[in-house]
Amino acid sequence: MNDAVKRNNFIEDIIDEDLEKGLDQKKLRFRFPPEPNGFLHIGHASAICLNFGLGQKYGQPVNLRFDDTNPAKEEAKFVDAIKNDVEWLGYEWDTLCYASDYFQQLYDWAVQLIRDGKAYIDSQSSVLIAEQKGTPTEPGIDGPFRNRSVEENLALFEGMKNGEYGESEHVLRAKINMQSTNMLMRDPILYRVVDRAHHRTGTDWKIYPMYDWTHGESDYIEQISHSFCTLEFLPHRELYNWFLDQVVDTEKVRPKQREFARRNVSHTVTSKRKLQQLVESGVVNGWDDPRMTTISGLRRRGYTADSIKNFAESIGIARRENLVDMNHLEYHLREDLNKKADRVMCVLDPVKLVITNYPDGKSEIMDAENSQEDETRGYREVPFSKELYIEREDFMESANKKYFRLTIGKEVRLKNAYIIKGESCVKDADGNITEIHATYDPDSKSGSGTEASMRRVKGTLHWVSKEHAVPVEVRMYDRLFTVPSPDTDKEKEFMEFVNPDSLTTITAMSEPAMQHLKVGDTVQFQRLGYFCVDPDTTQDLMVFNRTVTLRDTWAKVENPDD
RNA sequence: UGUCCCAUGGUGUAAUGGUAACACAUCGGUUUUUGGUACCGUCGUUCAAGGUUCGAGUCCUUGUGGGACAACCA
């Protein structure tokens with residue numbers, strides 16, 4: 001961004017304040033701590049940009065840490081996908097960490113807690129434990145095992161660790177305060193038995209630490225100076241600090257948890273659970289379906305890493321509820337693609353156009369500019385001939401003055417070719433136009449420099465030569481949800497707002513030069529939008545995803561209600 | 001009938017007690033071999049009431065509205 005006045009966000013204020021109070025800048029250290037239980041989405045992208053952006057701003061390291069304390073939900077494939085996404089965004093982590101690397105240390109600290117009389121084994125059912133915990137408005141009560149002896153606690157904990165007990169028989173709880181107004185302080189569980197293989201530690205452990213016990217201590221082990229998380233963890237801060245108090249060495253950096261509001265984007269859901277539901281219900285074809293606002297879905301759709309980073313930067317970070325309009329994301333996408341994408345011509349809804357005064361059998365090669373934004377991208381060759389395809393909606397027999405396209409008796413320019421004039425059209429029995437006839441001005445060839453070629457005509461159409469056209473599959477995407485905020489309705493489930501027309505597959509006619517494109521390449525279909533080559537492309541058929549349309553002010557004139 | 005968090009144009013974010021601003025969106029115009037881009041302009045904002053102060057979006061009080069908290073999830 002070219003802001004002369006780049007202002008701090010409140011997170012940077014917190015850091016600057018700590019620096020002013022004497023924290024050595026070299027002690028600054030951040031982390032991005034995903035749980036490997038699903039794919040990262042656009043909300044995570046914001047958090048990644050925040051943490052790694054801070055690392056870049058202050059010139060200090062950022063760790064990628066997998067919060068992998070629940071083997072029932074986590075899988076190695078998600079670890080790989082997450083690493084790939086972070087790298088694709090263009091960030092480099094300092095150290096790749098796993099909370100599971102700290103299992104032994106966490107266990108040792110837990111034993112210490114028991115020795116100090118600050119943790120105990122509870123042998124009640126989860127139902128009873130929940131009952132005794134009270135509610136947000138009512139205090140909890142002490143359970144019957146709260147005052148077990150240190151020896152008994154130690155022996156039971158050891159037994160849990162050695163796999164002598166089944167799931168739910170015993171848990172280790174911190175002994176804090178069952179009457180606290182903060183429910184998280186009502187003797188939170190530190191360890192539970194989980195009889196599942198872990199993606200990294202296998203069956204080494206029978207017990208697994210809970211989030212609260214793990215997260216702050218992991219930050220401390222890694223000497224993270226500032227641990228940023230979303231607002232829902234705000235009540236956890238008190239517990240985060242209590243756990244830190246039990247182990248902290250004042251010589252070392254004491255991590256500081258601070259919270260920011262998660263970013264919500266309109267017309268989508270940003271919750272791993274809900275995204276998973278879309279995948280499992282078959283509404284979309286996987287986590288990387290181009291309609292998904294997962295990072296991998298956006299990538300496949302044709303979003304660039306820069307567009308996502310610019311988006312994250314521009315929406316900023318704060319502590320209030322928000323719903324960022326999807327068009328904000330699309331603005332940054334178009335802005336980036338406009339600079340980067342070559343232009344090509346492709347007709348999505350073809351209708352035949354015959355240039356009646358053009359010689360039969362003749363064809364010529366036109367030079368077409370690859371980018372109006374960047375001359376250095378050069379030219380490509382586009383064949384022209386008597387029979388062409390143009391877009392069906394680019395012709396009307398008669399139309400009002402606002403319509404700049406082809407009508408009978410009016411002139412338009414064929415992009416990179418000639419100026420033509422509509423003469424007549426042929427219809428089938430149902431009145432559908434099957435063929436349009438036009439005449440061309442032979443002196444008006446684009447780039448010829450003749451007076452005729454410089455003539456000003458209002459409309460310019462894209463086209464492809466019928467004989468040279470190559471059919472391609474194009475997947476036209478629309479928003480996945482029909483309402484801005486599908487998951488906040490009080491009565492309806494978010495799945496009820498799925499847009500049934502979020503994907504339409506068509507066969508389009510492309511100019512031959514497009515055959516050289518490779519999977520992942522993005523081009524602008526002139527006058528239509530940005531499209532990228534999908535991995536489903538085969539030797540015989542190219543498959544394109546519509547990344548985003550161009551802004552279309554004509555559509556607004558046509559359908560003012562949209 | 002508890003504790004905590006939040007409240008600035010339609011949306012998002014700034015203004016750090018001293019002239020309320022930036023981006024997107026809207027609407028209009030200029031340029032244009034993309035009804036794109038670029039450029040210019042337009043519209044419109046401090047939840048309410050009290051208080052402190054020479055001066056309050058900012059500090060205090062009380063309301064109002066929204067949100068979080070009762071997983072052996074993270």
Side-chain angles (χ1 to χ4, degrees), chain A residues 1 3 5 7-10 13 33-35 37 67-70 72-74 122 125-126 129-131 133-140 167-168 170-173 180-184 186 189-194 207-208 210-212 214-215 229 231-238 259 261 263 266 272-273 314-325 327-332 334-335 338-339 343 345 369 372-373 402-405 412-417 419 446-447 453-462 484 524-529 549-558:
Chain A
M1 306 254 110
D3 296 341
V5 277
R7 292 190 173 96
N8 264 11
N9 57 46
F10 84 98
D13 285 344
E35 181 188 15
N37 66 341
D67 223 334
D68 55 348
T69 59
N70 185 0
K73 289 188 174 176
E74 295 145 9
D122 196 333
S125 69
S126 57
I129 290 175
E131 273 173 18
K133 212 162 204 168
T135 71
T137 53
E138 295 161 312
E167 293 186 4
S168 291
H170 306 286
V171 290
L172 181 71
R173 301 178 72 178
S180 172
T181 52
N182 181 351
M183 291 201 67
L184 289 154
R186 323 239 259 231
I189 293 171
L190 270 67
Y191 275 94
R192 77 288 210 197
V193 173
V194 181
I207 55 172
Y208 291 89
M210 300 287 287
Y211 165 83
D212 288 295
T214 309
H215 203 92
C229 58
L231 236 30
E232 72 253 39
F233 290 97
L234 199 151
H236 293 247
R237 189 151 113 194
E238 189 180 0
E259 311 80 14
R263 313 318 317 235
S266 76
K272 270 192 228 167
R273 203 199 92 240
S314 87
I315 60 176
I317 202 81
R319 273 163 72 86
R320 48 180 139 141
E321 297 284 309
N322 60 80
L323 183 63
V324 184
D325 202 306
N327 67 33
H328 213 106
L329 216 202
E330 292 181 342
Y331 165 81
H332 287 282
R334 291 189 181 106
E335 185 194 42
N338 179 48
K339 289 182 291 198
R343 275 62 169 164
M345 292 196 288
E369 205 176 4
Q372 283 70 28
E373 297 296 310
K402 283 189 185 166
Y403 189 80
F404 303 161
R405 307 176 185 186
V412 295
R413 184 186 302 276
L414 293 177
K415 180 83 186 166
N416 306 311
I419 294 173
S446 289
S453 72
M454 314 283 269
R455 192 158 76 237
R456 290 200 44 158
V457 287
K458 192 70 179 164
T460 300
L461 309 187
H462 61 279
Q524 183 193 104
F525 288 4
Q526 198 96 84
R527 301 210 300 136
L528 298 172
T549 61
L550 258 28
R551 278 187 73 228
D552 188 355
T553 48
W554 167 243
K556 280 181 213 163
V557 175
E558 228 181 356

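Hydrogens, waters and symmetry mates play no part in the numbers below; they use all other heavy atoms, side chains included. Please read all numbers here as calculations on a predicted model, not as lab measurements. Chain letters run A, B, ... following the sequence lines, proteins first and then strands; every chain starts at 1.
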If only side-chain N and O atoms of [X] are considered, is one of them under 4.0 Å from the OP1 or OP2 phosphate oxygen of [N]?
X        : N     : result
A:Arg343 : B:U37 : no
A:Thr553 : B:G36 : yes
A:Lys458 : B:U32 : no
A:Arg456 : B:U32 : yes
A:Arg551 : B:U37 : yes

Atom of [X], atom of [Y] and distance for their closest heavy-atom approach:
X        : Y        : answer
A:His215 : A:Asp67  : ND1-OD2, 2.8 Å
A:Leu461 : A:Arg405 : CD2-CB, 4.1 Å
A:Glu238 : A:Asn182 : OE1-ND2, 2.9 Å
A:Met454 : A:Arg413 : C-NH2, 4.4 Å
A:Tyr208 : A:Thr69  : CB-O, 3.4 Å
A:Arg186 : A:Pro136 : NH2-N, 4.5 Å

[atom1] atoms of [N] and [M], separation to the nearest Å:
N     : M     : atom1 : result
B:A70 : B:U3  : C1'   : 13 Å
B:A21 : B:G9  : C1'   : 11 Å
B:C27 : B:G67 : P     : 31 Å
B:A74 : B:G36 : C1'   : 44 Å
B:A20 : B:U58 : P     : 13 Å
B:U46 : B:G17 : C1'   : 15 Å
B:U37 : B:U33 : C1'   : 14 Å
B:U34 : B:G12 : P     : 36 Å

Using a cutoff of under 3.5 Å, can you pull out all pairs of nitrogen or oxygen atoms linking the protein to nucleotides 38-48 of chain B, with atom names and distances?
none

Would A:Glu167 and A:Arg192 pass as an ion pair if we require N to O under 4.0 Å? no
Length of the [atom1]-[atom2] vector between [X] and [N], whole Å:
X        : N     : atom1 : atom2 : result
A:Met183 : B:A70 : CE    : P     : 7 Å
A:Arg319 : B:U8  : CZ    : P     : 15 Å
A:His332 : B:U37 : NE2   : P     : 14 Å
A:Arg7   : B:A15 : CZ    : C1'   : 6 Å
A:His236 : B:C73 : NE2   : C1'   : 10 Å
A:Met210 : B:C73 : CE    : C1'   : 7 Å
A:Arg186 : B:G2  : CZ    : C1'   : 9 Å
A:Asp212 : B:C72 : CG    : P     : 11 Å

Measuring from the side chain of [X] (C-beta onward, heavy atoms only), which nucleotide among [options] has the closest atom?
X        : options             : value
A:Arg263 : B:G36, B:G12, B:G2  : B:G12
A:Thr69  : B:U33, B:A74, B:C27 : B:A74
A:Thr181 : B:A74, B:U3, B:C69  : B:U3
A:Ala318 : B:A74, B:A14, B:U33 : B:A14
A:Pro136 : B:C72, B:G67, B:C69 : B:C69
A:Ser126 : B:G12, B:C72, B:C73 : B:C72
A:Leu234 : B:U34, B:C5, B:G35  : B:C5
A:Lys556 : B:U34, B:C27, B:C72 : B:C27
A:Lys415 : B:A71, B:U11, B:U34 : B:U34
A:Asn8   : B:U16, B:G12, B:A14 : B:U16

Find the partner of [N]: check Watson-Crick (N1-N3 plus N6-O4 or O6-N4) and G-U wobble (N1-O2, O6-N3) distances, both under 3.5 Å, and reply none if neither fits.
N     : result
B:C54 : B:G18
B:U34 : none
B:A7  : B:U64
B:C69 : B:G2

Touch check for [X], heavy atoms < 4.0 angstrom, all strands: base, sugar-phosphate only, or nothing?
X        : result
A:Phe525 : nothing
A:Arg413 : base
A:Gly459 : nothing
A:Phe233 : base
A:Lys402 : base
A:Asp13  : base
A:Asn322 : sugar-phosphate
A:Glu35  : sugar-phosphate

Return whichever of A:Pro34 or A:Thr137 has its heavy-atom-nearest nucleotide of RNA chain B closer to the 5' end. A:Thr137
For A:Val193 and for A:Arg405, find the nucleotide of RNA chain B with the closest heavy atom, then tell me which residue's nucleotide is more 5'.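 The residue closer to the strand's 5' end, by nearest nucleotide, is A:Arg405.
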State whether the distance check finds a donor on one side and an acceptor on the other, under 3.5 Å, for side chain A:Arg320 versus base B:U8.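 Side chain to base: pair present.
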Would you say the side chain of A:Glu369 and the base of B:U33 hold a donor-acceptor pair, judged only by whether the two atoms sit under 3.5 Å apart? no
Evaluate side-chain contact (heavy atoms from CB on, under 4.5 Å) for A:Met210 paired with A:Asn70, printing each intermediate quantity in order. CA-CA 8 Å; A:Met210 300 287 287; A:Asn70 185 0; over 6 Å; no
Quick check, does A:Trp554 stack with B:G35? I mean ring centres under 5.5 Å and planes off by under 30°. yes
For A:Lys73 and A:Glu35, indicate whether the former's side chain and the latter's backbone hold a donor-acceptor pair under 3.5 Å.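 Not confirmed, A:Lys73 side chain does not pair with A:Glu35 backbone.
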Do the ring planes of A:Phe233 and A:Tyr211 sit parallel (below 30°), tilted (30 to 60°) or perpendicular (above 60°)?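 Rings of A:Phe233 and A:Tyr211: tilted, as their planes differ by 30° to 60°.
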